[in-house]
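Here the structure comes first, spelled out in structure tokens, and everything after it is commentary.
Every heavy atom of this structure was used, including side-chain atoms; hydrogens, water molecules and symmetry mates were not. Below, chain A is the first sequence line, B the second, and so on; all start at residue 1.
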2 protein chains.
Amino acid sequence: MADTRQRLIDGAIETIRAHGLTGTTARSIAATAGVNQALVFYHFGTVHDLLQAACLAATRARVQPFADQLGKITDLRQLLALGRTLHTAERAEGNVMVLAQLLAGAQTDPKLAEATAASLQLWITPIEDALTRLLAGSPVAELIDTAGLARAVSAGFIGLELYEGVDPEGAQAALDALDRLAVLIEVVDDLGPVAVRALRAKLRKTAKNRI
Amino acid sequence: MADTRQRLIDGAIETIRAHGLTGTTARSIAATAGVNQALVFYHFGTVHDLLQAACLAATRARVQPFADQLGKITDLRQLLALGRTLHTAERAEGNVMVLAQLLAGAQTDPKLAEATAASLQLWITPIEDALTRLLAGSPVAELIDTAGLARAVSAGFIGLELYEGVDPEGAQAALDALDRLAVLIEVVDDLGPVAVRALRAKLRKTAKNRI
DNA sequence: GTCTATAACGAGATAGAC
DNA sequence: GTCTATCTCGTTATAGAC
């Protein structure tokens, strides 16, 4: 069957989720997928190549519904709320954790690094689009780098997922704190031209100090 | 010699840094440490136990000088600047990366989870102290949860380290964006009572919506 | 405490029947 | 495309000499 490939990809994702990257082998993947171990090599050549395919597949499956919800958002705090929803869902489903595991593995594996960077980009792009849209009419828009912020949000989210795995209460506290922090941005936004002038002055001073 | 233990711990850290957690075995550790492979088991019983010891050691070695620098900081943007300095230093030295690798491994290993949670706490505590101190006289102090924020910062930093490994330019952009974001907090701080009143109102409204 | 040697096993990968 | 069988190597861990 042609869907053996798919079963192996799904098996790889599930195995990483359950046993981590260190517990993910051709044998354990095949067992989870319910197929013969040799088929890993027939279809993908090496275990590494299968992991690369699984990395992109796991991300694509999760990003699409997330991107749809992002499109409906109207303010920054809703973005954070969506982040929390995603976080809760991922604790049950766990595809972001799969990406986190592969990201760790990618640190010493250039090929896997390409795949994980591409997967992360799948998250970053819709987030950046949402940020740009939300800040379009705002006076602080010109002062915020949406491209960089989207990357910081995505990378930070991965870090929080990993942290949640070893200290769930701490991760909850972290998310609560970020919730409160997001309010600051909206307040500055609401304050209008006064705050923006103050911001511009601050940023100019900052730029000078940096050089 | 009694310092064989230490050489093994250092070897473990260096091996994780160079080859990742998947490439870290009793043999590779011993080779890096320049000692016999059997000594891993004589001194630590199992590879896992050595990794736990290495996790705490790697963190303790890095946290102390960082905590000292934290004590000299006088505003939030200096905190972010220190974060950048740390980030640059860690790219060369790489102990945070070791923690990130172990954190990924800890997701499916309760014993390692304990060790990594404890290690993360070593970072979180001085950061929380610094935040509390910096915000002591500020009007926004009561509106910010320093405990949660310190956790978010620490976890987010780990995520950025991992992201840097697969997309260095993206990570730089992310850090730049956070730099700009930090200015927002200071501006609100400078605006004084007006902004604080606006914040309080926002937070009250938020609390209602949450319930 | 440190070494050699080795047991016991699981890993990636391949050959070849079907 | 799928299976069994197997090769080769690296893995954890231990036994026992020194």
Could you give the [atom1]-to-[atom2] distance, from [X] to [N], as a whole number of Å?
X	N	atom1	atom2	answer
A/Ile29	C/dA13	CD1	P	11 Å
A/Gln37	C/dG12	CD	C1'	8 Å
B/Tyr42	D/dT14	OH	P	14 Å
B/His43	D/dA13	NE2	C1'	15 Å
A/Leu21	C/dG12	CG	C1'	15 Å
B/Asp3	C/dG1	CG	P	11 Å
B/Phe41	C/dG1	CZ	P	18 Å
A/Leu39	D/dC3	CG	C1'	8 Å

### Query
Would B/Thr32 and B/Thr15 count as having a side-chain donor-acceptor pair, cut-off 3.5 Å?
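A donor-acceptor contact under 3.5 Å links the two side chains.
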
### Task
Taking atom types as modelled, find out whether B/Gln172 and B/Arg84 have a side-chain donor-acceptor pair closer than 3.5 angstrom.
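B/Gln172 vs B/Arg84: donor-acceptor pair found between side chains.
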
### Distance below 4.0 Å between A/Thr4 side-chain N/O and D/dG1 OP1 or OP2
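Result: no.
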
### Message
With a cut-off of less than 4.0 Å, is there a side-chain N or O of A/His48 near OP1 or OP2 of C/dG12?
### Response
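For C/dG12, OP1/OP2 do not have a side-chain N/O of A/His48 under 4.0 Å.
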
Of all the choices, [options], which nucleotide is nearest to the side chain of [X] once you look at every atom?
X	options	value
B/Ala38	D/dT14, D/dT2, D/dC3	D/dT14
B/Thr46	D/dA13, C/dT4, C/dA13	D/dA13
B/Val47	D/dA13, C/dT4, D/dC3	D/dA13

### Query
Donor-acceptor pair, A/Glu164 side chain versus A/Ala171 backbone, under 3.5 Å?
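Checked: no pair found.
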
### Query
If only atom types and distance count, is the side chain of A/Arg151 paired as donor or acceptor with the main-chain N or O of B/Glu169 below 3.5 Å?
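Answer holds: no.
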
### Minimum-distance pair of heavy atoms, taken over all atoms of B/Pro126 and B/Leu122
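Where B/Pro126 meets B/Leu122 most closely, the heavy atoms are CD-O, 3.0 Å.
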
### Query
Looking for any heavy atom pair under 4.0 Å, which part of the strands does B/Ala26 touch: base, sugar-phosphate only, or nothing?
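Counting heavy atoms under 4.0 Å across all strands, the contact made by B/Ala26 is with sugar-phosphate only.
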
